[in-house]
Amino acid sequence: MKCYCVVDFKTALKMMDQPTPEPKGAEVLIEVRAAGVCHSDIHIWEGGYDLGNGRTLSLKERGIKLPMTMGHETAGTVVAMGPDAKGIEKGKNYLVYPWIGCGKCPACVEDDLENYCAAPQYLGVHRDGGYADHLLVPNAKYLIDIGDLDPAMIAPYACSGITTFGALNKVGAKTFQKHPVVIMGAGGLGLMCLALLKAQNGAGAIVVDIDPAKRKAAMDAGALAAIDGAAPDAAQQIIAANGGKLVHAVIDLVGAPSTTSLGFDTLIKGGKLVIVGLFGGAAPWPIAFIPMKALQIIGSYTGSLAEMRDLMKLVKDGKITPIPVHKHPLADADKVLTSLREGKVTGRAVLTA
Ligand SMILES: [Zn+2]
Ligand SMILES: [Zn+2]
């Protein structure tokens, strides 16, 4: 099999020929039809996250071994399976749930929240992912039938879809159906978040982005307003767009000091700041304001397998307006990753076989 691997951090992806795995037990081998290129792949490729105050989280120290194949948004066709793989059929197309846990820690065993596993085995992060022509999935239970839907349209739901779905679940339908939500960042995640709000009868969103092209994309996708986060009066503009009222919830898909502080400043007492983005840096809020405003600051990381199934039900019921997907050949993996790093991708880039 061919895969496009990280052989060294911050170095071009390299095409490698590796033996095609033979599935054992409950394992499944899929032929990859589509692999989404996600912004978090840039952090993996760079080998770490900025923790602020001059510190970084090193993925090497976290046990990520090279070479590795990225790609956690994968859809494909089942071509082989072990004798214990149940509930799937050869020749059919599936979305792969990549946020796989160890199966032993409290998050995995007690809460069914493998995405919060203490020793994660995420595909495309800790185990080889979808920037390849084949992918070994450790258990058939992580495959979700997509029927006749286009794998390239479906692949991004495994990360950008479930991540925004999980963040919206933390805001809660009671809140987002009654009040507009502020979304920081109008890239692929922002557009997905808009689509999921609409699919769940949301009251709409005020989107913030510093890029005029992305603000336009957000307006085209039905945002109530799109505001330049770099404007000195950005907070006042957000409040004005919300009818002069402070907002109930902010979903920060960027996760930079500038976006979290802007979100913080626009929230009503008791409001929720859900942080999803991994841009990095140090928290900028005065701690005393957190209790004084009784704010809830919540981190959200992808979503559970149950959430993945709930989301795919919305997709299959045709409730979600598809976000723009741009298809590229698998061989362009490195080029696509570079354009994403340079901020040149609108919507979602997907590698297709
Ligand atoms: Zn991702
Ligand atoms: Zn676990």
Side-chain angles (χ1 to χ4, degrees), residues 4 6 13 32 34-49 59 62-64 68-75 95-132 135 138-139 141-142 152-168 185 187-193 195-196 251-255 275-280 299-308 311 323 325-326 333 336-337 339-341 343 345 347-351:
Y4 289 78
V6 181
L13 301 181
V32 176
V37 181
C38 175
H39 200 272
S40 63
D41 288 335
I42 296 170
H43 295 292
I44 299 168
W45 176 84
E46 286 178 338
Y49 294 93
L59 293 176
R62 284 284 184 104
I64 290 187
M68 65 91 60
T69 309
M70 300 195 296
H72 51 265
E73 297 183 344
T74 316
L95 175 67
V96 182
Y97 176 79
W99 312 110
I100 295 174
C102 66
K104 294 178 200 129
C105 74
C108 287
V109 177
E110 289 166 30
D111 304 323
D112 275 329
L113 291 172
E114 292 189 53
N115 53 316
Y116 292 167
C117 175
Q121 297 296 311
Y122 306 151
L123 301 181
V125 184
H126 306 89
R127 293 175 59 119
D128 285 333
Y131 289 13
L135 170 69
N139 193 303
K141 71 178 178 182
Y142 299 117
M153 295 299 301
I154 299 305
Y157 290 111
C159 180
S160 71
I162 197 169
T163 296
T164 44
F165 189 69
L168 282 168
L189 281 179
L191 299 183
M192 185 71 89
C193 199
L196 293 184
I251 295 179
D252 187 351
L253 302 172
V254 182
I275 304 175
V276 175
L278 291 165
F279 183 90
S300 189
Y301 190 83
T302 72
S304 66
L305 183 54
E307 283 179 312
M308 185 84 260
L311 170 60
I323 60 150
V325 166
H326 303 283
V336 175
L337 192 68
S339 335
L340 187 66
R341 207 167 66 239
V345 173
R348 213 69 186 166
V350 177
L351 304 171

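Numbers here are sequence positions counted from 1. None of these values were measured; they are calculated from a predicted model. Each ligand, and each atom within it, is numbered from 1 in the order the structure gives.
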Worksheet item: Where the Zn ion (ligand 1) is the centre, what is the SG-to-NE2 angle for Cys38 and His72, rounded to 10°?
Response: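 Centred on the Zn ion (ligand 1), the SG/NE2 angle is 110° (to 10°).
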Item to complete: Find out whether His72 and Thr302 are in side-chain contact, i.e. whether some heavy atom of one side chain is under 4.5 Å from a heavy atom of the other.
Response: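 Counting from C-beta outward, His72 and Thr302 never come under 4.5 Å.
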Fill in: Distance in Å, Leu253 CG paired with Leu278 CG, rounded so as to fall on 0.5 Å steps
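One gets 10.5 Å once the value is rounded to the nearest 0.5 Å.
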Item to complete: Work out the angle at the Zn ion (ligand 2) between SG of Cys108 and SG of Cys102, rounded to 10°.
Response: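 Approximately 120° at the metal, rounded to tens of degrees.
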Discussion item. Quick check for you: with the Zn ion (ligand 2) as the vertex, what angle do SG of Cys117 and SG of Cys105 span, to 10°?
Written reply: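 Approximately 110° at the metal, rounded to tens of degrees.
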Worksheet item: Per the side-chain contact (heavy atoms from CB on, under 4.5 Å) rule, which among Tyr122, Tyr142, Trp99 passes with Glu114?
Response: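 In the set Tyr122, Tyr142, Trp99, the residue that makes a side-chain contact (heavy atoms from CB on, under 4.5 Å) with Glu114 is Tyr142.
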Worksheet item: Among Pro138, Cys117, Cys108, Pro120, whose side-chain contact (heavy atoms from CB on, under 4.5 Å) with Ile100 holds?
Response: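 Of the listed residues Pro138, Cys117, Cys108, Pro120, the side-chain contact (heavy atoms from CB on, under 4.5 Å) partner of Ile100 is Pro138.
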